[in-house]
Amino acid sequence: MTVTPDSANVPPSSPSPDWVLWLLIMGLFSLVVALFAGLLESLAGGGLQEVVRSGGTGFITAAGLCLGTVSAVQQLRKRG
């Protein structure tokens with residue numbers, strides 16, 4: 001990897017406050033989805049392993065969809 005003198009002196013940009021807020025909202029939304037998924041699995045009679053697995057799956061799925069949606073919206077804004 002080659003580093004040019006111009007790029008070596010540029011400090012990394014800090015995330016904008018808007019981006020941090022969106023990440024917080026997406027994380028909280030994913031947490032709520034995970035809690036509901038775990039609760040539904042628990043009410044269905046699942047054991048601890050099934051409850052944790054469904055909660056984790058709900059969290060990862062919701063977070064992935066949120067991040068994918070943000071990326072898609074950014075690409076659409078660049079086009080038009």
If you look only at distance, which donor and acceptor atoms sit under 3.5 Å apart when one is on a side chain in residues 22-37 and the other is two or more places apart or in another chain?
from, atom 1, to, atom 2, distance (Å)
Ser30, OG, Met26, O, 2.9
Ser30, OG, Ala63, N, 3.1

Quick one: CD on Glu41 to CG on Leu48, what's the gap to the nearest 0.5 Å? 11.0 Å
State whether the side chain of Glu50 and the backbone N or O of Gly47 hold a donor-acceptor pair below 3.5 Å, judged by distance alone. yes
Check whether Ser42 reaches the backbone of Gly38 with its side chain - one donor and one acceptor, N or O, closer than 3.5 Å. no
Flag, side chain of Thr61 to backbone of Gly58, donor-acceptor distance under 3.5 Å: no
